[in-house]
2 protein chains.
Amino acid sequence: MSDVAHTAGVSLVTVSRAINTPDKVSPETLQRVRQAIRHLGYVPNLTAGSLASSRSNIVAAIVPTLSNLVFSETVDALAATLAHSGYQLLLGQSAYSADEEAALVDAFLGRRVDGLVLTGLSQSAALRAKLRRSGIPVVQTWDFPSSPNQNDPIDMLVGFSNIEVGRAAARHLLSRGHARLAFIGSDEERSRLRLSGFEAEAREQDAQAVEVSLIPPPVSVNDAGRILEGILARNTGVSAVFCNNDLLATGLLFTCLKNGWPVPDRMAVMGFGDLPLSRATSPGLSTIRIHHTELGKRAGKLLLSRLSGKSIARPRQNIGFRIMQRSST
Amino acid sequence: MSDVAHTAGVSLVTVSRAINTPDKVSPETLQRVRQAIRHLGYVPNLTAGSLASSRSNIVAAIVPTLSNLVFSETVDALAATLAHSGYQLLLGQSAYSADEEAALVDAFLGRRVDGLVLTGLSQSAALRAKLRRSGIPVVQTWDFPSSPNQNDPIDMLVGFSNIEVGRAAARHLLSRGHARLAFIGSDEERSRLRLSGFEAEAREQDAQAVEVSLIPPPVSVNDAGRILEGILARNTGVSAVFCNNDLLATGLLFTCLKNGWPVPDRMAVMGFGDLPLSRATSPGLSTIRIHHTELGKRAGKLLLSRLSGKSIARPRQNIGFRIMQRSST
DNA sequence: ATGAAAGCGCTAACAG
DNA sequence: CTGTTAGCGCTTTCAT
């Protein structure tokens, strides 16, 4: 930077201003500085800038995995929203592990990121306290408090109630005349919340049974088919399955088709997530739509508002969900 | 840090060493320092560390979008590989735009990232020169040079030949007895490379026609179905379609099923990418498998080797591809 | 094994 | 509009 300053015949600060606040520099000076920058191939060191200004222009996000489209599309929208305002995204994957998440948070706080986006509300009390003390804006996503057992939000929030999703799914299947239900999902926090809602609703409506299978993540397409075969072999009378993600549900749909089990007459299948691909199956997959790109966008906007010092009208947003009834139920 | 030093009764350097190179500190001192750190809730400022050491422990990656599973799974594997060695991932999305990519590179170089992963080989001469001058390790991915028209690699490379993919697809369809082919893909660099290979092979084998449709990204499930309807309406005699991504191909498969067009007898459908979901369709989707998680892993390993000063046996790796013939062709 | 001194490359605060 | 001064919070020598 001092090379640039010499070449342009100005001081260091002027170069800094020419780069960061060009309208505070006279047009002629600006031009000389820019020319010097180009001439020397100068690349400003943003790390030094961050240290001096204590703003990193980096936002971090932690998701369980990018190998699930619902999360990668959320991150896509988040990164795009932030990029418009000059923020970059530092990404961490927790693999559904609270320890990994905590370790990532430490690393990100150490980097003095300007904001943080988390998945879920289940962070430990210690972690929540640490984040509150850090003073940086935090957005939790992918859930919304509904039961008294859930933690208090750390700061901002944009999500939907997983428990209500579970309830809505049970309600839907019961209303279609099914009395014996199955739940197949991956064994992780939010899936278990949906299960708890599903079971609660089934209980309250006197459903005759709920068969539960939780698969350790990552799940694969054929898992649900395998599990359903087991359920059918036991003659449990199950006639409807709620698969806790569309990959499982679509795989199950295909299994039913292959085995000649009529959907939804022999077996009703319901998914979660509304993946682009699942929208085109035949029969159409009934599922629960989460507007996950909106979720990423709103998380980004919340952070940007806070970072630009604006007051935030609604720091805790429930974006809800929608039952997409198609032909599989 | 100086608070910690005072509390532990040592100097700044010792605290630094206790954190970064604990085996260079006596056990008793180490314990005192660690206790002070915990007691004070000290979080080391990695930005300051980066500035002083000129190592950021950050690697940046640029992909077109995370909303395509082939890329998000690659990034997943890359991030996981890097995380094992303490590197974090800074992510940029180019939206298939060379300008966006160039802007992201500038930002990342400014942050003094320790390494960079790019998608494709089509960077401008200026950008390639800038990256070479920067001296940081760069890995280009998702393509491999085969035609003399392609650019020289910047540094390291792990990919496969998109042109050869196109050729292989044409060869496969022609060998199945189809003489009039269609190509449907998104209008972007690598898809066009596959198209060029597809057309070249078709020409050399005297195929009677290749109908081409390029869709501006992002593509959606039903795009290919709509296009095929147009092709059929024109009575072109096309009997086989190469869809340049599995989302399109699977959508097309569903369209054919819905319309009662027998697959592959009336219309053969071939995809690209081998998405998890597409593996379970019925009829099974013939497609081209890219081991994209391996791609991410190798890109990460190449960077890690270089960053740890190891010599690299094969800095340019062609991981190839594989034709997965299932029932749709 | 520990410490003192000298920066890393920039921005903030103040002055003119 | 421009410049001077003083750090930001660490790590890197080089000593001891």
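In what follows, chains carry the letters A, B, and so on, assigned in the order in which the sequence lines appear, proteins first and then strands, with residues in each chain numbered from 1.
Both B:D23 and B:R112 lie near DNA chain C, and the one whose nearest nucleotide falls closer to the 5' end is B:D23.
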key: side-chain hydrogen bond (donor to acceptor under 3.5 Å, both in side chains) between A:Q93 and B:D76, intermediate numbers included   = CA-CA 8 Å; A:Q93 297 184 110; B:D76 181 322; 3.2 Å; yes
request  = Could you please spell out the steps behind the side-chain hydrogen bond (donor to acceptor under 3.5 Å, both in side chains) verdict for B:S97 and B:S94?
outcome  = CA-CA 5 Å; B:S97 145; B:S94 68; over 6 Å; no
query = Could you go step by step and tell me if B:F144 and B:L157 meet the side-chain contact (heavy atoms from CB on, under 4.5 Å) rule?
reply = CA-CA 8 Å; B:F144 201 86; B:L157 190 55; 4.1 Å; yes
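The aromatic rings of A:H292 and A:W142 sit parallel, their planes meeting at an angle under 30°, below the 60° perpendicular limit.
Using a 4.0 Å heavy-atom cutoff across all strands shown, A:T29 reaches sugar-phosphate atoms only and no base atom.
Closest approach of A:R32 and A:G9 over heavy atoms only: NH2-O, 4.1 Å.
For B:L46 and D:dG9, the CG to P distance is 13 Å, given to the nearest whole Å. Whole-Å rounding puts the A:R32 CZ to D:dC1 C1' distance at 12 Å. Atom-to-atom, CG of A:L30 to P of D:dC1 comes out at 11 Å; the value is rounded to the nearest Å.
A salt bridge is absent between B:R55 and B:D114; no separation between the charged side-chain nitrogens and carboxylate oxygens falls under 4.0 Å. Salt-bridge formation is not detected for the pair B:R132/B:D155: no Lys NZ or Arg NE/NH1/NH2 atom is positioned less than 4.0 Å from an Asp or Glu carboxylate oxygen.
With no hydrogens or angles considered, no side-chain donor-acceptor pair links B:T47 and B:S50 at under 3.5 Å.
Between B:R17 and B:V33, every side-chain heavy-atom pair lies at or beyond the 4.5 Å cut-off.
Each of A:K130, A:E101, A:R128 was checked for a side-chain hydrogen bond (donor to acceptor under 3.5 Å, both in side chains) with A:Q123, and the lone residue meeting it is A:E101.
The side chain of B:T47 places no N or O atom within less than 4.0 Å of a non-bridging phosphate oxygen (OP1 or OP2) of D:dC10.
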Filtered N/O pairs between nucleotides 6-8 of chain D and protein, under 3.5 Å:
| unit_1 | atom_1 | unit_2 | atom_2 | d |
| --- | --- | --- | --- | --- |
| D:dC8 | O2 | A:A52 | N | 3.3 |

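Atom CD of A:Q35 is surrounded by 12 or fewer heavy atoms from other residues, nucleotides or ligands within 6.0 Å.
Running 5' to 3' along DNA chain C, contacts with non-hydrogen atoms of chain A at under 4.0 Å begin and end at C:dG9 to C:dA13.
Of the residues in residues 13-21 of chain A, those placing a heavy atom less than 4.0 Å from an atom of DNA chain D are A:V13, A:T14, A:R17, in numerical order.
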